[in-house]
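To start, the structure under review is shown below, and the notes come after it.
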Amino acid sequence: MTTNPENNPKKYQDIIFRPEFEHLRLNFPHGLTWVRILPGLGNSAYGWLLPILALEFPGGRFVHPASFALNKRSAFDVAHEWLLQREPQLLCSKTNKTGFRLLPVQLCAFWAIEYSEQNNHSLRLVLESFKDGSKGSAGLAHEIWRKIFERDENELRMRDALHPKSGVMISVERRKRKNAPPLDWVRVGRIPHNVDTMLEKVSPVESAVLCPLEQVIHEPTVEEQWDYLGRLITPELATRIRAARPRRK
């Protein structure tokens, strides 16, 4: 399974979460981590898992506006269409692996409680790739989703990791590899853990910020999108493409 794209988290601009939520982001360390996934909040338009389309630029990534508004276009979409018609050789393809990558990748976010043996649990936001593994390694979020909905020979779910009272925890074991990204192994536990009981062991400061997943996402402005595009394809080309857009009456 692949991990987050950040090679240097200190410099990487992961502009997915709003700044006030970024400190809750769970970056899985090497070794074993147990978490209890939180079910979808009643006032949220989504369930426990929030699908996100993300666009990448050198040194960072941000949320595609179509993540929350179907068919909404981004500056990257405009550039992709323009280059496809005029200079397709500049785009990434099977014959040009170093070309511009302007299409979004799929991520997923969810709330979870990070388990502590000392009984002082932590509220966390998990953000991982939902790549299905059809081309290369699967993303961690997809592997978690697959394990949660794994079924036995009778087509029954093997364990419930989502029920608020009787759901079990899941574990992610991250293993180092020489000259390669780490491997993540996902397992589903056996012992039920009540969400409300675990939340009582979370710091009140952290539990107070629990909110619908859609509220933790930073939605970039149009100007931000064009700035990020310029970092990828050069500011000059981005300006040229933007100036060529048809004017709306």
Side-chain angles (χ1 to χ4, degrees), residues 2-27 44-46 49-88 90-93 96 98-111 124-131 139-141 209-249:
T2 56
T3 58
N4 286 334
E6 302 98 310
N7 291 324
N8 189 337
K10 292 183 179 180
K11 295 183 179 180
Y12 190 84
Q13 288 185 279
D14 203 346
I15 319 171
I16 303 296
F17 293 143
R18 289 163 53 190
E20 60 267 35
F21 291 98
E22 184 59 38
H23 70 286
L24 296 173
R25 167 88 176 269
L26 176 57
N27 292 305
S44 173
Y46 298 86
L49 191 70
L50 177 66
I52 298 168
L53 295 174
L55 293 163
E56 299 174 328
F57 60 91
R61 62 183 177 183
F62 67 96
V63 175
H64 191 299
S67 297
F68 301 107
L70 191 62
N71 297 326
K72 194 169 184 179
R73 285 158 59 84
S74 74
F76 280 52
D77 296 319
V78 175
H80 185 267
E81 183 179 282
W82 192 92
L83 290 170
L84 198 60
Q85 294 175 354
R86 295 167 178 81
E87 299 185 54
L90 297 180
L91 293 171
C92 180
S93 64
N96 181 20
T98 60
F100 298 136
R101 296 177 181 269
L102 298 174
L103 299 179
V105 297
Q106 190 167 4
L107 308 176
C108 280
F110 59 87
W111 284 109
R124 292 289 180 256
L125 277 166
V126 178
L127 176 69
E128 295 290 345
S129 168
F130 203 72
K131 185 180 178 183
L140 178 54
V209 303
L210 187 60
C211 64
L213 282 165
E214 56 267 37
Q215 294 181 15
V216 310
I217 302 301
H218 172 73
E219 298 187 53
T221 65
V222 172
E223 291 303 320
E224 286 175 323
Q225 293 176 44
W226 283 99
D227 174 56
Y228 303 146
L229 177 66
R231 300 188 202 183
L232 176 62
I233 68 173
T234 73
E236 294 76 18
L237 183 53
T239 300
R240 180 183 168 198
I241 293 172
R242 191 174 189 182
R245 295 175 66 195
R247 301 279 182 179
R248 291 186 178 181
K249 298 182 179 180

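All values derive from a computational prediction rather than experimental measurement.
Rounding to the nearest 0.5 Å places CD of Q225 at 11.0 Å from CZ of R73. The distance from atom CZ of F21 to atom CG of L213, rounded to the nearest 0.5 Å, is 10.0 Å. A distance of 9.0 Å separates OG in S67 from CD in Q106, rounded to the nearest 0.5 Å. A distance of 8.5 Å separates CZ in R86 from CZ in R240, rounded to the nearest 0.5 Å. The distance from atom NE2 of H80 to atom CG of L90, rounded to the nearest 0.5 Å, is 11.5 Å. Here the straight-line distance linking atom CD1 of I52 with atom CD of E214 works out to 10.5 Å at 0.5 Å rounding.
Between I16 and R25 there is no side-chain heavy-atom pair separated by less than 4.5 Å. A heavy-atom distance below 4.5 Å is found between the side chains of D77 and H64. Residues I15 and P220 have side chains not in contact (no heavy-atom distance under 4.5 Å, counting atoms from C-beta outward). Using a 4.5 Å heavy-atom threshold, the side chains of L102 and W82 count as separate. For the pair L50 and W111, the minimum side-chain heavy-atom distance is 4.5 Å or more. Side-chain contact check for T239 versus E236: every heavy-atom pair is 4.5 Å or farther apart. Contact annotation: the side chain of F17 never approaches that of L24 to less than 4.5 Å [non-hydrogen atoms, C-beta and beyond].
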Under the side chain to side chain contact (heavy atoms under 4.5 Å, CB included) criterion, do I241 and I233 qualify, and how do the steps go?
CA-CA 10 Å; I241 293 172; I233 68 173; 3.8 Å; yes

Evaluate side chain to side chain contact (heavy atoms under 4.5 Å, CB included) for D227 paired with F57, printing each intermediate quantity in order.
CA-CA 10 Å; D227 174 56; F57 60 91; over 6 Å; no

Trace of the side chain to side chain contact (heavy atoms under 4.5 Å, CB included) decision for L107 with R61
CA-CA 11 Å; L107 308 176; R61 62 183 177 183; 3.6 Å; yes

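Residue-environment remark: CZ (R101) stays at or below the threshold of 12 foreign heavy atoms within 6.0 Å.
Scanning all heavy atoms of the two residues, the minimum distance from E219 to E224 falls at O-OE1, 4.4 Å. Nearest approach of F100 to L232, heavy atoms of both residues: CE2-O, 3.5 Å. Across all non-hydrogen atoms, the minimal contact from A238 to G230 is CB-CA, 3.8 Å.
Taking the centre of each ring, F76 and F62 come in below the 6.0 Å mark.
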